[in-house]
Student: 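Shown below is the structure under consideration.
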Amino acid sequence: MRRFVLLPLMALASCSPASTPSQATLTLAVVNARVWTGDPGRPEAQAVAIAGDRIAAVGTTGAIRGMAQGAEIVDAGGQFLVPGFIDAHVHFLDGGQRLTSVQLRDAKSPEEFTARIAAFAKTVPAGTWIVGGDWDHQLWGGELPRRDWIDAVTADHPVWVNRLDGHMALANTAALRAAGVDRTVKDVSGGEIVRDARGELTGLLKDNAMDLVAEKMPPASAEMQDRALAAAMKYVNEQGVTSVQHMGTWADLDVFSRARKAGRLTTRIYAAVPLNTWQQLADTVKGGTYGGANGRGDSWLRIGGLKGFVDGSLGSHTAAFIEPFTDNPKDRGFFVNTPEGLYSWTSGADSAGLQVMVHAIGDRANQTLLDIYARVANEHGERDRRFRIEHAQHLAPADIPRFGQLRVIPSMQPYHAIDDGRWADTVIGAERAKGTYAFKSLLDGEASLAFGSDWFVAPPTPIEGIYAAVTRRTLDDRHPDGWVPEQKISVQDALVAYTMGGAFASFDEKDKGQIKPGMLADLVLIDKDLRAMPPADIRTARVVRTIVGGKSVYTR
Ligand SMILES: [Zn+2]
């Protein structure tokens with residue numbers, strides 16, 4: 001159904017961005033706060049007044065109290081109020097699904113890996129697929145898991161559990177059988193099927209080879225999907241996240257759309273679909289199914305973005321580098337799509353006015369993608385296209401200034417830096433690591449940085465992300481002054497990347513990312529001013545209230 005009724009509403013909202021209290025009834029005011037607005041015109045304030053789902057006024061506690069009679073008043077008691085966090089890269093339903101599945105992220109030995117799967121299998125009916133897990137083989141010395149670790153305890157359950165980066169996964173024998181995969185299976189380009197010395201499948205599949213099982217897995221029921229979405233929204237709201245930019249599928253979009261129509265969203269979602277389906281997205285926008293003035297939906301659910309891949313991940317040795325891996329001189333990773341294919345999809349998407357965002361980890365992947373973006377921009381001419389590189393993880397020094405020059409948005413995940421930083425030096429060497437998560441150099445080159453988590457891959461916790469970007473202290477605390485410390489940035493810069501940077505990355509900077517009259521009333525109250533804390537303590541700060549569209553969706 002065409003939701004044309006949204007048109008006049010949207011127009012009204014955008015005509016009166018500075019709606020004053022005299023024009024609209026104030027519904028909520030937060031007073032007595034330390035407000036970081038993100039608005040260069042008024043960076044600091046004490047109080048914010050809200051009318052409906054928009055910010056009506058920003059000012060002193062006295063002034064806001066004076067105008068807010070009849071409104072609900074939240075006394076912040078001197079706590080820190082900032083624009084709602086925008087997580088620029090999530091896999092939202094995967095994240096939600098994992099909240100209710102087996103937890104392997106901190107399994108520290110093969111025995112624990114087996115025991116946790118065995119225990120979980122007892123809690124779900126026979127035949128149910130056990131998925132997710134997010135194991136990390138680095139925690140037990142690097143041996144890759146095998147199906148014979150778990151077959152004896154999962155005879156009645158197909159198991160498909162992935163490494164925490166999502167670039168490899170282990171299938172047990174029941175899952176391989178259900179997917180019709182046996183030792184006769186042929187190699188897959190852009191992927192790897194791991195075999196033992198006798199040529200038997202170990203059950204471990206990497207990158208494109210993961211499709212052999214993933215595509216045969218029965219889809220989760222609508223009810224399970226709805227439940228995953230609800231769990232995901234609740235969890236990120238608790239972390240102060242008010243908007244997410246989701247990298248997913250058309251099926252995911254159906255789940256979001258169902259929730260949007262039922263008025264169940266408490267997180268705003270910009271939902272990207274696979275890059276190679278750009279024509280379908282162009283048609284969908286034109287068809288107007290998602291409503292909105294431009295056919296791309298509304299402030300709760302928007303479409304218009306396309307997500308692709310150049311390479312794999314560092315942890316799986318599938319990221320594409322210019323030089324070979326330091327710990328494996330025969331290998332320099334690989335592309336999961338050809339440059340020609342990526343160019344033609346990007347070109348098609350761009351000519352349809354859609355936004356392209358592509359995953360690139362290794363320096364060779366990033367360089368190739370920057371070349372493709374430059375070529376398409378050159379061929380199509382000036383346009384506000386906002387090409388993005390997701391992760392932009394390892395950059396050759398000469399490529400760093402190209403982000404600013406080409407106005408390509410690096411969409412990065414600081415938590416990955418303090419996670420990978422534990423072992424990345426052994427994979428790529430200390431010299432190449434200097435171009436790793438190069439936040440500071442990218443900002444110096446005037447790139448517009450957007451921060452996110454890559455949840456389910458990493459926790460969707462912006463405060464931890466800010467801590468990571470500011471300290472670069474690896475999770476094992478082996479780099480107290482920071483891993484590649486010259487790439488540390490300030491709390492203020494990290495806040496910008498989690499608010500305005502994210503808003504800009506989704507063409508939403510007129511509606512969110514700052515605390516300013518006319519903007520959506522998406523706010524987060526934190527117990528301490530992150531700018532006034534010793535950096536190492538930032539991660540101890542807690543979200544105490546999250547407001548989305550003028551409504552409190554979480555209070556501690
Ligand atoms: Zn991702």
Side-chain angles (χ1 to χ4, degrees), residues 86-99 105 131-136 162-169 190-191 206-208 210-211 214 228 232 235-236 241 243-253 256 267 269-277 305-316 318-320 333 335-337 342 355-362 365-366 369 387-394 409-420 436-437 449-462 464-465 468 497-498 501-502 505-506:
I86 297 170
D87 189 322
H89 186 123
V90 296
H91 303 276
F92 212 40
L93 295 178
D94 288 321
Q97 184 190 61
R98 275 163 173 77
L99 292 172
R105 184 177 283 273
V131 298
D134 301 330
W135 47 268
D136 181 2
N162 57 276
R163 184 174 187 274
L164 45 77
D165 66 3
H167 286 270
M168 50 176 150
K206 296 188 182 183
D207 285 296
N208 286 355
M210 291 166 60
D211 292 346
Y235 188 56
V236 303
V241 173
S243 291
V244 296
Q245 297 169 17
H246 170 79
M247 310 292 147
T249 65
W250 286 92
D252 298 346
L253 195 48
F256 301 149
T267 313
I269 304 174
Y270 180 41
V273 291
L275 178 58
N276 61 1
T277 66
L306 292 151
K307 162 79 186 312
F309 285 88
V310 186
D311 62 346
S313 80
L314 188 70
S316 301
T318 55
F335 284 177
V336 297
N337 287 296
L342 287 164
Q355 187 185 24
V356 177
M357 36 190 119
V358 179
H359 163 121
I361 302 284
N366 277 281
L369 184 56
F387 281 150
R388 301 167 42 151
I389 297 189
E390 301 306 310
H391 312 306
Q393 192 165 312
H394 305 281
I409 295 169
S411 162
M412 304 176 80
Q413 300 78 33
Y415 186 93
H416 283 340
I418 61 170
D419 190 350
D420 292 12
T436 292
Y437 301 102
L449 194 56
F451 273 168
S453 64
D454 204 9
W455 189 45
F456 65 94
V457 181
T461 48
E464 267 186 298
Y498 266 115
S506 63

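We count ligands from 1, going down the list as the structure has it; atoms in each ligand are counted the same way. For this chain, numbers begin at 1 and follow the sequence in order.
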Student: Can you tell me how far CD1 of I86 sits from OH of Y270, rounded to the nearest 0.5 angstrom?
Tutor: 12.5 Å
Student: Let me check your reading of the structure: within less than 2.8 Å of the Zn ion (ligand 1), is there an N/O/S atom from H91?
Tutor: yes
Student: Can you see whether D165 engages S316 through a side-chain donor-acceptor pair at a distance of less than 3.5 angstrom?
Tutor: yes
Student: If you check every N/O/S atom of H89, which is the one nearest the Zn ion (ligand 1)?
Tutor: NE2
Student: Please name the atom of D454, restricted to N, O or S, that is closest to the Zn ion (ligand 1).
Tutor: OD1
Student: Does the ring centre of H359 sit less than 6.0 Å away from the ring centre of H167?
Tutor: yes
Student: If we count only N and O atoms by modelled type, under 3.5 Å, do the side chains of E390 and S411 hold a donor and an acceptor together?
Tutor: yes
